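Please read these numbers as outputs of a predicted model, since none were measured by experiment. Numbers restart at 1 for each chain; the letters A, B, ... are given by sequence-line order, proteins then strands.
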Amino acid sequence: MLDPKLVRREPELVAAKLAKRGYHLDLDKLAALEAKRREVQLNTEALQAERNSSSKTIGKAKAAGEDIEPLLAAVSDLGNKLDEAKADLDAVQEALDLLLSDVPNIPDDEVPEGESEEDNVEIRNWGSPRKFDFEIRDHVDLGDQLDQLDFETAAKLTGSRFAVMRDGIARLHRALIQFMLDTHIEDHGYREIHVPFIVNAESLYGTGQLPKFAEDCFKLEHDQDYYLIPTAEVPVTNTLRDSIYEGSLPLQYVCHTPCFRSEAGSYGRDVRGMIRQHQFEKVELVQFVQPEQSDLALEALVGHAERILQLLELPYRTVILCGGDIGFSAARTYDIEVWLPSQDTYREISSCSNFRDFQSRRMQARFRNKETGKSELLHTLNGSGLAVGRTLLAIMENYQQEDGSIIVPDILRSYTRGLTHIQASG
RNA sequence: GGAGAGGUGGCUGAGUGGCCGAAAGCACUGGUCUUGAAAACCAGCGACUCGAGAGGGUCCGUGGGUUCAAAUCCCACCCUCUCCGCCA
């Protein structure tokens, strides 16, 4: 959520900045609601002040043994007036909240103009795509030939967009998770955290998935509003919801979880293979930092994610998302895209964002400023470090051999206990 | 699942209708003292919000209700702890 004070004081400026992401802020509606809110709120609070003071008077009179009947008569209709005023205020407040909770974050000035992912700007690339002297297979064919990646069985068990893995591929998948966690913990200073894979509606509101993007999440049938997490970002970021954090900053967490996404609205996109699944695993990086630190923190975080690809020797490029492609809660996002030989292009494998105080304000996540002694909103950041399923298929495709086997990247061999070569199941 | 106890400020914890936004302690901040620190003593110190300010309002797990007035009484729900049962 944006700072309501900022929206109130500089609506034109806010609207202009939001226009970069193609969002139209309805200034007339906002101004009308704001004027109404002010009027109704002043009225309500005046009535409340009146009630408070007359109640106090009655209390004193009663204590002094005086007759309070005339006093009671004088306030007889105050209650009704107050109820009406409160109802008005609630209605205006609700409309205002609804409008405001629908407004996305303000993009940084450095975010490039643009409407779609085509307008994202490459800021660096690393490694060069391997030259193949045989016909390249994609991970689906490779997995099929190895008999270790099985979409048909998954479709029987559940439906489309699920996968079953066996033997070497399953092991490689598991090795990747351990490798990523260890690297971020030992080399990059993150704390490991393990969290529930089911969250409530408040948590989804805090990170910005609700109320606007409910259809992207799997909702459980349960007496409470429970959802499967679409990313570890939700539970991990919400660990500081409704609190004033008194520890030292930055606070950096690395978390491995499965992620569940309904992928509503992406019918027909990436239907082949495990690029876009309803369930996938991810190692997520989450940081809580002081406001003035968040720019540097994002650069560092992207570097942590990139380092995984460097250690795996997978070519990638990093792009900054343009205004039209940036997510709802983010002020700035870098995507890391890994080279996929079968598609002859780079595909997203990580998305790293600075949310500034947008999520913190929704969550009321604060820290104590040691200099002023006051509580202030934190800045939150997160990024994939990395999406495990996509990393797995990138390895399969980039490390494939002419006979269809897969070489295990050096760095993973301690995690596969020396397994160097994934070959067809016997 | 059964039976009890409880949810109050950053933390511990008192408060069972009005003088309570809330005692006390810890923590924190400033001061005195000290070469410096500690200790001791003195003072300050909840969050959010409206307002240029004076000042106003809201908040004692959540949501309803009773009342002129609710942390306090009533109802529902959520959560935590203890004991019993069951269970990976």
Side-chain angles (χ1 to χ4, degrees), chain A residues 1-11 30-31 33-97 99-101 194-206 210 220 222-227 235 238-249 251 288 290 357-378:
Chain A
M1 183 152 108
L2 296 180
D3 182 358
K5 278 186 202 147
L6 180 70
V7 177
R8 208 176 292 138
R9 282 176 199 160
E10 314 219 41
L30 191 71
L33 276 172
E34 190 48 47
K36 176 90 175 156
R37 192 221 91 228
R38 203 188 146 105
E39 178 202 324
V40 176
Q41 182 166 341
L42 284 173
N43 178 245
T44 306
E45 291 183 358
L47 287 169
Q48 282 173 327
E50 193 183 335
R51 180 204 59 196
N52 290 345
S53 72
S54 33
S55 290
K56 223 162 236 184
T57 311
I58 292 171
K60 279 182 189 149
K62 201 176 174 190
E66 295 166 20
D67 178 18
I68 59 169
E69 280 306 319
L71 291 170
L72 288 182
V75 295
S76 63
D77 65 331
L78 194 61
N80 289 334
K81 276 201 270 184
L82 193 54
D83 284 346
E84 272 177 47
K86 264 188 188 155
D88 284 355
L89 185 59
D90 285 349
V92 181
Q93 205 64 261
E94 198 178 324
L96 213 46
D97 285 350
L99 186 70
L100 237 44
S101 68
H194 185 84
V195 294
F197 305 154
I198 295 174
V199 291
N200 57 31
E202 287 73 34
S203 294
L204 284 164
Y205 177 82
L210 289 182
L220 300 180
H222 186 79
D223 352 337
Q224 272 115 300
D225 282 347
Y226 280 176
Y227 298 80
N238 274 279
T239 54
L240 292 195
R241 171 154 53 86
D242 294 325
S243 67
I244 300 174
Y245 178 73
E246 303 274 354
S248 64
L249 292 168
L251 179 59
F288 302 93
Q290 294 194 303
D357 59 13
F358 189 85
Q359 294 181 325
S360 291
R361 185 170 292 105
R362 291 173 155 245
M363 294 191 301
Q364 284 304 302
R366 291 152 293 166
F367 72 102
R368 180 84 56 196
N369 184 320
K370 295 279 190 281
E371 274 151 41
T372 63
K374 288 282 179 191
S375 62
E376 293 177 29
L377 293 171
L378 289 154

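- Comparing the C1' positions of B/rU8 and B/rU62 gives an interatomic distance of 15 Å, to the nearest angstrom.
- Using the six-membered ring where Trp is involved, A/His222 and A/Tyr226 have ring planes that are parallel, under 30° apart on the 30 and 60° scheme.
- In this structure the side chain of A/Leu251 reaches within 4.5 angstrom of the side chain of A/Leu240, judged on heavy atoms.
- The gap from the C1' atom of B/rC19 to that of B/rA70 amounts to 16 Å, rounded to the nearest Å.
- For the salt bridge (charged side-chain N to carboxylate O under 4.0 Å, His left out) test, no residue two or more places apart in sequence or in another chain qualifies with A/Arg241.
- In this structure B/rA22 sits in no base pair that meets the Watson-Crick or G-U test at under 3.5 Å.
- Between B/rC28 and B/rC74, the two P atoms lie 40 Å apart (nearest whole Å).
- With a cut-off of 3.5 Å on both Watson-Crick or G-U wobble distances, the partner of B/rG63 is given as B/rC75.
- The P atoms of B/rC83 and B/rC26 are separated by 32 Å, rounded to the nearest whole Å.
- The footprint of chain A on RNA chain B, defined by a heavy-atom cutoff below 4.0 Å, extends from B/rG10 to B/rC79.
- Pairing partner, B/rG4: B/rC81, with both Watson-Crick or wobble hydrogen-bond distances short of 3.5 Å.
- Using P as the reference atom, B/rG53 and B/rA14 are 39 Å apart when rounded to the nearest Å.
- Contacts of A/Thr57 with the nucleic acid, taken as non-hydrogen atoms under 4.0 Å apart, are absent.
- Across B/rU80 and B/rU29, the matching P atoms stand 34 Å from one another, rounded to whole Å.
- Using C1' as the reference atom, B/rG7 and B/rC87 are 28 Å apart when rounded to the nearest Å.
- When Watson-Crick and G-U wobble pairs are counted only if both distances are under 3.5 Å, B/rC28 pairs with B/rG44.
- The separation of B/rU32 from B/rA37, taken at their C1' atoms, amounts to 15 Å, rounded to a whole angstrom.
- Evaluation of the side chain to side chain contact (heavy atoms under 4.5 Å, CB included) rule for A/Ser101 yields A/Tyr205, A/Pro211, A/Arg362 as partners, not counting sequence neighbours.
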